[in-house]
Structures are given as C-alpha cells and as structure tokens.
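The model shown is predicted, which means the values in this text are computed figures rather than measured ones. Chain letters run A, B, ... following the sequence lines, proteins first and then strands; every chain starts at 1.
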Amino acid sequence: MALEAKYSSKNVEDKWYSYWLEHNYFHSEVDERTPYTIVIPPPNVTGVLHMGHMLNNTLQDVLIRRARLKGFNACWVPGTDHASIATEAKVVAKLKADGIDKATLSREDFLEHAWEWTHKHGGIILEQLKKLGASCDWERTKFTMDDDMSASVIKVFVDLYEKGNIYRGYRMVNWDPEAKTTLSDEEVIYEEKQGNLYYLEYKIEGSDDVLTIATTRPETILGDSAICINPNDERFQHLKGKKAIVPICNRVIPIIEDEYVDIEFGTGCLKVTPAHDENDKALGEKHNLEVIDILNDDASLNSFGMHYQGKDRFVVRKEIVKELQGMGVVSKIETHMHKVGTSERTGAVIEPKLSDQWFLKMKELAQPALDAVLEKDVKLVPEKFINTYRHWMENVRDWNISRQLWWGQQIPAYFYGDGKEDFVVAETLDAAVVKAQEKTGNKALTASDLKQDPDALDTWFSSWLWPISVFNGILEPDNDEVNYYYPTNDLVTAPEILFFWVARMIIAGYEYRGEKPFTNVYLTGIVRDKQRRKMSKSLGNSPDPIDLIGQYGADGVRVGMLLSSPAGNDLMFEEDLCKQGSGFVNKIWNAYRLIDGWEVSAEKEETETAAIAIKWYKSKFQKTLVELEDHYGKYRISDALMATYKLIWDDFCSWFLEMVKPGYQEPISEKTFKQIIAILEDNLKVLHPFVPFISEEIWQHITDRTPEEALIIAKWPASEAYDTQLISDFEFASEVISGIRTIRKEKNISFKDEISLSVLNNDNAPTSFDAVIAKLGNISEINYITEALEGALTFRVKSNEYFVPISGTINVEEEIEKLSAELKYTEGFLKSVQGKLKNERFVNSAPEKVVAIERQKEADALSKIEMIKTSLASLK
RNA sequence: GGGCGAUUAGCUCAGCUGGUUCAGAGCACUUGGUUUACACCCAAGGGGUCGGGGGUUCGAACCCCUCAUCGCCCACCA
C-alpha cells in the first residue's frame with residue numbers, strides 16, 4: 001500500500017505512545033545494568049504546561065531516550081510539587097468566588113477543599129507531558145505531599161532541629177500582606193518604582209527648633225522610636241542628647257548618634273522605626289529602642305495608627321501626607337526612584353515585619369555543596385553559573401522555612417505553654433508528649449495540652465529532598481532503590497531556580513546521603529518571545545504547547561524547541577521553528593516513502609555507484625556519531641540535533657539516496673536494498689531521541705517487529721573506524737558535480753542530455769567516485785587527459801582542470817573574461833601568501849605546521865595560475 | 001552599590017588552545033527549476049570593517065586596557 005505523501009502525526013503519535021506504555025518500556029527496576037537517572041523538576045501540581053516546561057522536558061526526554069538506547073537502565077522519575085503559596089492562593093480565590101472566607105474555615109475543612117482542588121486539577125500537566133512524548137516512568141510518579149514524602153520532610157525537620165540547625169527566631173521577615181505569610185528572601189522580587197521622598201519636620205523638645213528627616217514611607221512615623229544622626233555631622237552637634245517629638249502622635253523620642261547614617265543622603269537625619277525596617281531594627285537593638293509595630297497582618301494600621309486604624313498603608317500614606325501638610329511640617333516632596341520588594345506569587349508589596357519564624361542555619365550546611373561545585377564534582381552547564389552559585393553560597397543567609405499557610409507540611413513543633421521556649425519538636429504527637437513530659441518534668445501532660453505550630457513549611461523544604469525522597473532514601477536510607485539510582489545523573493532545569501532548588505538539593509544531598517544528588521546540572525535558557533519578553537501566561541504571549549503539538553506534531557515541536565536552545569542562553573521562540581521541525585519530520589517520512597516504493601530484485605547486481613555510496617555513507621555516519629558523542633557530552637543538544645539534521649537531510653537524502661536510487665522503473669538490487677535498510681535503521685536510532693514518534697513508526701513499518709525489537713529499546717549504533725580519505729574524496733567529487741551543474745545551468749544544457757567530461761590530471765584527482773560523478777552529472781564517460789582540451793568549457797577543482805567539450809556553444813570572450821578574473825584573484829591570493837612567507841619573523845616564530853600549510857598554499861596557487869594561463873593561451 | 005555575562009549576516013546563534021573549521025551554520029531573502037520521495041522540494045546567489053577605540057603579537061573575532069549598549073544575579077541606603 002502506498003504511503004501518504006504528507007506525514008500525519010496525530011494518529012501515529014497516540015498509537016506509539018500507547019504501545020510504549022503497554023509494553024512498559026518507560027519503567028525501570030533495579031537490575032545489573034548501570035543506571036541513568038533523571039528526576040523531573042516537579043511542576044506545580046495544578047499547573048498547566050508552558051513553553052518553559054516544554055523545553056525542559058524535551059531535553060530530558062532526549063537525554064533519557066538516548067541513554068535507553070545506549071543500554072543504560074534509564075529511569076526518569078516524574079512528579080509534581082504542592083506549591084504551597086500558589087496553590088493555597090488559588091484555593092482561597094476559588095472559595096472566595098463561592099462566597100466562602102478562608103478565615104471562617106477550620107484547618108481541616110480548608111485542607112479538604114485544597115485536596116479536592118488538587119485532585120480536580122492535579123496531574124493535568126503530566127498528561128500533557130505524555131503528548132510531548134515524555135518517556136517518564138509513570139509508575140514512579142510522586143507528589144511532594146504524598147504520605148511518604150511528607151514523612152520524609154518531617155523527619156528531616158526534626159533531625160535538623162535536634163542537630164541545632166533549625167531555630168525559632170524573632171526576626172525581620174518579608175511579609176506578604178496579601179497571602180498573609182512570610183516569604184524567603186528568594187521569593188521577593190525587587191522592582192524599581194517611582195516614589196516620593198517626603199521631608200518632614202520634627203520639633204525638638206523644649207525649643208522652637210525643628211529637624212528635618214526624609215522618608216519614603218511617611219505612615220511609619222507612627223512607629224518611630226528615635227531619630228538618628230551621624231556623630232560626625234557638624235550640622236547637628238547642637239542636637240546631641242536632645243529629644244524630638246513625632247508629629248501627630250506627639251511621641252517624644254531620643255536623638256541617637258550612629259555612624260551608620262549617611263551624611264550625604266537626604267537631610268542627614270534618619271528616623272528609626274525598628275518594627276518596619278531591617279536596618280532600623282539593628283539600630284534599635286544597638287541603642288535599645290522601643291519596637292512599635294503599627295501594622296496588622298493585612299498591612300492595615302493597628303491601634304498605633306490612631307485615627308488611621310484599619311486603613312491600608314497606602315491609603316494612610318496619602319492621607320497622612322495631607323494631614324502633615326495641614327500642620328505645615330512637610331517642607332519638601334521630591335520624586336525618588338527606589339526598589340520596592342514585591343511578592344513573587346501575589347505581587348503584593350512586601351512589608352518588613354518582625355515575627356516569630358523558623359529558620360535553617362545555612363552557612364555550615366552550604367559548605368560541602370559549595371565545594372562540590374567548585375571542585376566540579378557537580379558540574380554546572382554552562383560553567384558561567386559557577387560564579388553566580390559561588391557568590392550566593394558564600395553569602396548565604398539563614399533560610400526562613402516557615403509559612404503562615406495551611407497547604408503544606410505542618411511544622412512538627414508542639415507548644416505546651418505560652419513561653420517562647422515552651423515547645424518540643426517531634427515527628428509525632430505521641431513522641432511530642434513524651435518529650436514535653438521530659439522537658440517540663442510534668443508527667444501529667446497529655447496530647448490535649450499540646451498545640452501544634454499552625455505554620456506550614458516552605459515548599460522548597462520538601463522539594464530540596466526530591467532526588468532522595470523519590471527513592472524513599474530519607475525514611476529508609478539503606479534501601480536498594482536509593483542505593484542504585486542515587487546519585488542521579490543529569491538535572492535539567494531553569495537557571496531561575498538555581499538557588500531556590502538546585503543549591504538546596506545539593507545541600508540536602510550531602511547532609512542526608514553524604515553524596516551529591518546529581519552529577520550534571522544542565523541549566524536551560526528562559527523561553528522568550530520575539531520582543532525578548534519572558535513567555536508567561538499573564539502576558540498572554542505564550543502559545544499553548546498543546547495547540548502547537550496539534551498543529552506541528554510532537555516531533556515537530558520537539559525539533560522546533562531544540563533548534564535554538566543553547567544551554568543557559570535565553571531562547572527566542574518563534575513558531576516558525578516548529579514549522580521547520582515538522583518540515584524535517586516530513587523529509588524523513590518522504591525519504592522512507594522513496595525507499596519503501598522500490599521494487600527489489602534478487603537477480604539485480606549491485607551497481608558500482610551504490611557500492612561506493614554505501615561505503616561512503618557508513619563512514620560519514622560514523623564520523624557524525626563521533627561528533628554526536630562530543631555534543632552530547634557537552635550538553636550541546638541543539639548542536640547534536642543540527643548534526644543529525646544535516647546528516648539526514650544533506651548526506652542521506654540529498655546525496656546518498658540520489659546515488660543509490662535505481663533508474664526509472666528499474667528494480668533495485670536486493671543486496672543494495674538490504675544495506676540501505678540497515679543504514680536507514682541506524683539513522684532511525686540516532687533520530688529517535690529527537691523525533692521518537694516518526695522514528696518508531698518507520699522502524700515498525702520496515703518489517704514486523706516483536707515488542708522486544710521496538711526502536712525505543714534498540715541498541716545505539718556501534719562505533720566503528722571510518723575512512724577519512726573516502727570522505728574527503730567524496731567532498732572532491734561533490735565539487736566536481738557542482739561544477740558540472742554550474743556549466744549545465746550556464747549553457748542551458750538539460751540534465752537529460754548526456755555530456756562527457758575530461759580531466760587534466762595534474763593532482764591525481766581521486767577516481768573512487770567517478771561512477772557517482774557519472775550518475776549524478778549524467779556523464780557519458782570520464783577521460784583522463786594529459787593536455788588541455790581545446791574549445792571546451794572548463795572548471796577547476798583544487799588543481800585539477802575539468803573540460804566539458806560542447807561544440808559550438810563556447811563564447812570565447814566570455815570564457816576569457818571568466819578566466820582572467822580567476823587569474824587575478826589567484827595572483828592576489830598568491831601575493832598575500834608569499835608576503836607571509838617572506839616575513840622572516842613569521843617563518844621563524846610560527847609553528848612548522850602552519851608554515852608548511854602556507855607553503856602548500858603557495859604551490860597550489862602557482863600551479864593553478866599556470867593552468868589558467870595555459871587555458872587562456874589556448875582560447876586565444 | 002557589588003558581581004557575572006553578552007555584543008559576529010536581516011533573525012537566532014556556533015566559532016574549543018591566537019594560525020586549515022576563520023569569517024561559519026540554520027532560518028529568512030533573491031534568482032532559476034514540474035528530472036520517476038518530498039514545493040514542508042531541488043539548485044545557485046547576495047549579504048559581516050566580528051559593538052567603538054587603543055594595546056600585545058610575525059599573526060587577533062579570540063589575549064590585555066578602555067569606552068558604549070544590553071541582560072542577569074546579589075545587596076539594608078532612609
């Protein structure tokens with residue numbers, strides 16, 4: 001049955017994905033083979049596939065499929081992340097839409113809603129990955145809130161607490177007033193914003209003097225507890241030891257001195273608000289100042305806000321300025337650019353806030369993880385990220401791991417009293433009771449006396465264990481699975497989460513396995529649109545990957561993504577690339593259609609052309625195999641694809657198939673055909689990681705295969721020595737063919753008209769491809785001659801001259817002009833080469849090899865000039 | 001404010017140890033083609049003082065200095 005001229009991906013892709021699943025090829029179990037493991041960067045459980053995932057997972061699938069073909073026990077562990085803030089925010093919004101306020105719900109009820117939401121929307125993204133062809137071991141699918149995963153998190157928390165790495169601290173934290181939770185420093189995004197710098201006058205107690213301070217947040221004056229000046233500031237010597245009066249609330253506050261104050265900035269006077277600024281807090285502690293917190297959790301003012309109580313800080317900012325202006329204490333308002341911290345998740349402006357939170361000490365834990373990367377035990381690709389990584393790890397700050405959320409692992413700290421230290425940390429309530437009894441000496445304490453800390457842990461506190469916990473290596477550190485699969489091989493992820501996730505996994509790896517979690521970290525680029533904007537749902541500039549797959553096929557989209565994705569560089573995604581991808585897929589399809597349509601004859605002999613073509617292609621293939629090895633080894637996946645692309649499109653389709661193609665309506669020799677099929681099969685193997693579907697389709701179409709013979713589990717082509725001479729001889733021959741084509745075109749000689757070719761064999765032109773030249777150039781005969789042929793069209797390849805005798809078609813003047821131009825160019829070239837060789841310093845200092853090359857160039861140019869001159873003479 | 005990186009063809013990017021991979025690839029573009037797989041095709045062609053300037057060297061896209069522009073990361077300037 002004839003195959004369709006246009007490849008249609010739809011049915012083919014579903015068919016083979018089901019087939020692969022049915023035969024369990026993606027599943028990995030511990031065996032005697034060497035493992036090759038990748039753990040997926042778990043996407044948000046309720047998320048949908050975006051272009052970033054697409055890139056990421058295509059790369060992982062390429063790596064895993066190639067490893068599978070190379071005979072490794074390939075294991076790609078999929079899963080999702082509970083994404084506490086993002087998911088909780090979605091659930092809260094959904095409840096709100098249903099008229100339910102989270103505050104009215106109990107923790108249990110809320111979690112029930114959250115789970116319901118998770119089950120409803122969860123896992124969509126994993127289904128989408130299947131469309132892409134991702135060959136994950138779905139039996140191993142994990143969720144960061146699975147029971148065992150959560151148990152691992154709790155165990156680690158307790159362990160780190162007992163080792164003294166986790167502490168509870170009253171600290172200035174980043175407060176997200178929208179989500180009403182703290183954020184880690186990494187979750188705060190600083191944006192340059194236009195604000196105002198307000199100059200406010202404070203009265204000096206017991207005098208009519210005023211001093212002026214500058215602030216960007218005038219509402220915080222209600223929380224002021226001092227004014228600070230630089231002791232070296234000449235202007236303010238008279239203020240030392242005095243007191244100032246805060247406008248509106250009339251609080252009397254001391255004027256303190258500290259060299260921290262920048263004399264140059266603003267007025268040189270600084271108001272100190274310890275509750276709402278990190279630096280002020282430090283000053284406050286140093287000078288023993290009162291801490292006045294004026295904000296509620298939703299960033300409205302509390303009772304310290306007096307008549308502003310209950311109003312949002314930004315509303316108050318406007319109103320208080322008016323009031324202050326009315327009092328005549330605003331001396332100046334300047335516009336001022338400053339950085340404002342916003343929440344990564346909700347976009348709300350962050351307020352620094354003092355509160356009790358849980359922290360993980362990082363300095364010590366980070367050390368082995370830093371060393372691992374610096375010593376390249378863990379390799380970052382591209383290497384430029386090493387510096388960024390080092391900088392971060394050397395200046396790592398303690399990690400705020402508590403979140404005022406319910407969706408996540410609840411912190412296993414149990415309070416038995418109101419005191420700051422009245423708590424114990426334990427894996428279970430029962431264990432907590434025992435510990436509490438021991439700690440207090442009160443044997444009468446029961447479970448009902450204990451109250452668990454309501455906060456949940458930061459999501460990253462579960463995902464940092466991912467490479468270990470997916471193999472249950474926390475709960476059972478010595479199990480066969482983790483011992484076999486860990487450390488994993490490659491991690492493919494976005495550079496944005498190098499600190500959030502990658503660095504912390506390395507830390508956890510050393511802390512809990514004494515070993516790195518992965519050997520290589522491949523950091524992909526950020527997918528951007530043509531205007532260099534990051535592709536995101538909110539901007540609406542991201543195409544839906546599933547639509548793209550529908551349009552171009554998964555294979556086409558995979559190729560499109562990979563065509564332009566050098567590691568670590570951002571990639572400008574254009575839909576045209578997918579078009580190119582599906583074009584490539586179609587090309588492969590049609591190459592197969594050609595072969596598939598041939599009539600095979602056992603009687604027919606192998607032609608000379610076919611014999612040399614097969615030998616040549618095998619060499620070319622082997623050479624490409626070596627290049628592929630190099631590219632893959634350096635994670636240059638797009639280069640690997642491009643090398644494969646050229647091998648198939650140029651070498652296989654444009655050259656090889658043209659060479660072996662039988663004549664019109666002629667059968668092909670069975671011997672040749674068998675070899676072509678073997679070559680095609682090898683091609684399919686190297687293509688498979690990039691275009692898994694069409695490669696399997698063709699593979700299975702060639703002949704009936706048992707499930708054990710599927711392409712997905714075939715053996716990567718074996719490396720063999722290859723003939724470089726043959727490859728360069730072919731390149732020579734291809735130039736000859738191109739010369740013939742040029743002449744045909746220039747003289748309008750149809751391909752159907754046979755012509756003859758004569759070679760002035762100055763340079764021992766290789767003859768191995770003469771049959772090919774004859775076939776592809778439609779040459780009746782090739783003659784080797786010792787004297788120039790008169791009255792013929794000529795062209796040159798290296799220093800051989802070729803003649804095509806065409807009577808009556810030669811325009812002598814045109815030929816002379818052409819030759820003269822070539823002569824002039826060659827003479828100029830010779831001059832520059834000789835100039836180099838005359839330079840003694842070049843000859844003396846350059847390596848011998850380089851000089852020899854120049855001498856060869858000189859000799860070639862000389863003989864070429866001689867030849868052109870002869871031709872010219874004969875024409876005249 | 002500190003650090004890292006980039007700047008090469010219209011676009012996206014290679015260019016590894018300074019010299020045969022040295023000015024390249026893919027796409028786009030122009031021109032010409034219904035030769036028995038593919039117009040998602042075939043062939044040919046145009047296009048770049050390698051961001052500017054200076055230096056080192058026999059020799060620089062590559063090393064050094066400097067300027068410019070862009071990007072990223074980190075950081076508490078009110």
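At a cut-off of 3.5 angstrom, the base of B:C76 holds at least one donor-acceptor pair with the side chain of A:Asn279. Under 3.5 Å, the side chain of A:Glu4 and the base of B:A37 form no donor-acceptor pair of N or O atoms.
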Kindly determine whether A:Glu599 and A:Lys604 satisfy salt bridge (charged side-chain N to carboxylate O under 4.0 Å, His left out), including the steps that lead there.
-> CA-CA 11 Å; A:Glu599 188 196 327; A:Lys604 201 147 186 239; over 6 Å; no
Could you check A:Arg171 against A:Asp398 for salt bridge (charged side-chain N to carboxylate O under 4.0 Å, His left out), going step by step and ending with a plain yes or no?
-> CA-CA 11 Å; A:Arg171 291 274 210 95; A:Asp398 287 356; 3.8 Å; yes
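B:U20: no Watson-Crick or G-U partner with both key distances under 3.5 Å is found in any strand. Pairing partner, B:C41: B:G33, with both Watson-Crick or wobble hydrogen-bond distances short of 3.5 Å. Across the strands present, B:U69 finds its partner in B:A6; the criterion is a Watson-Crick or G-U wobble pair with both atom distances under 3.5 angstrom.
Here the P atom of nucleotide B:U34 and the CZ atom of A:Phe751 are 15 Å apart, to the nearest Å. The interatomic distance linking A:Ile743 (CD1) with B:A44 (P) rounds to 14 Å, in whole Å. Here B:C42 presents its C1' atom at 15 Å from CD1 of A:Ile737, a figure rounded to the nearest Å. The distance from atom CZ of A:Arg397 to atom P of B:C74 is 11 Å, rounded to the nearest whole Å. Computed from coordinates, the A:Tyr645 OH to B:G26 P distance equals 9 Å when rounded to whole Å. As a whole-Å value, the separation of A:Arg841 CZ from B:U56 P is 12 Å. Between the P atom of B:A37 and the CG atom of A:Asn586 lies a distance of 14 Å, rounded to the nearest Å. Atom CG of A:Asn844 and atom C1' of B:G59 are 14 Å apart (whole Å).
Considering only side-chain N and O atoms, A:Lys579 lies nowhere under 4.0 angstrom from the phosphate OP1 or OP2 of B:A39. At least one side-chain nitrogen or oxygen of A:Arg636 sits closer than 4.0 Å to the OP1 or OP2 atom of B:G15.
In terms of position along RNA chain B, the nucleotide closest to A:Met642 lies nearer the 5' end than the nucleotide closest to the other residue of the pair A:Met642 and A:Thr742.
Here the nucleotide nearest the side chain of A:Ser738, chosen from B:C77, B:A25, B:A44, is B:A44. In the set B:A37, B:A44, B:A78, B:A37 carries the atom at the smallest distance from any side-chain atom of A:Cys653. Of the candidates B:A37, B:C42, B:G19, B:A37 carries the atom nearest the A:Ala591 side chain, counting heavy atoms from C-beta on. Closest contact between the side chain of A:Leu657 and the listed nucleotides B:U36, B:A37, B:G5 involves B:A37. Residue A:Asn590 places its side chain closer to B:C38 than to any other of B:A78, B:C38, B:G15. Side-chain proximity of A:Asn387 to B:G26, B:A78, B:G5: nearest is B:G5. Looking at the side chain of A:Lys745, the nearest of the listed nucleotides B:A44, B:A37, B:A25 is B:A44.
Residue A:Phe499 is in sugar-phosphate contact alone, with no base atom involved, counting any heavy-atom pair closer than 4.0 Å across all strands shown. Across all strands shown, A:Lys271 has no heavy atoms under 4.0 Å from either base or sugar-phosphate atoms. At a threshold of 4.0 angstrom between heavy atoms, the contacts of A:Glu278 with the nucleic acid are absent. Looking at heavy-atom distances under 4.0 Å, A:Trp649 makes contact with sugar-phosphate atoms alone, never a base. Within 4.0 Å of A:Ala5, counting heavy atoms only, lies no atom of the nucleic acid at all. Across all strands, A:Thr388 comes closer than 4.0 Å only to sugar-phosphate atoms, never to a base (heavy-atom distances).
A:Lys579 and A:Glu575 are not joined by a salt bridge, as no carboxylate oxygen comes within less than 4.0 angstrom of a charged side-chain nitrogen. For the pair A:Glu658 and A:Lys661, the salt-bridge criterion is met [side-chain N within less than 4.0 Å of a carboxylate O].
Applying the 90° criterion around 0 to the glycosidic angle, B:U20 comes out syn.
Annotation: side chain of A:Thr742 is not in contact with side chain of A:Phe795 (no heavy-atom distance under 4.5 Å).
Although no hydrogens or angles enter the test, the distance criterion places no donor-acceptor pair under 3.5 Å between the side chain of A:Arg217 and the main chain of A:Arg313.
A:Thr273 and A:Asp224 are linked by a side-chain donor-acceptor pair at a separation below 3.5 angstrom, with hydrogens and angles left out of the test.
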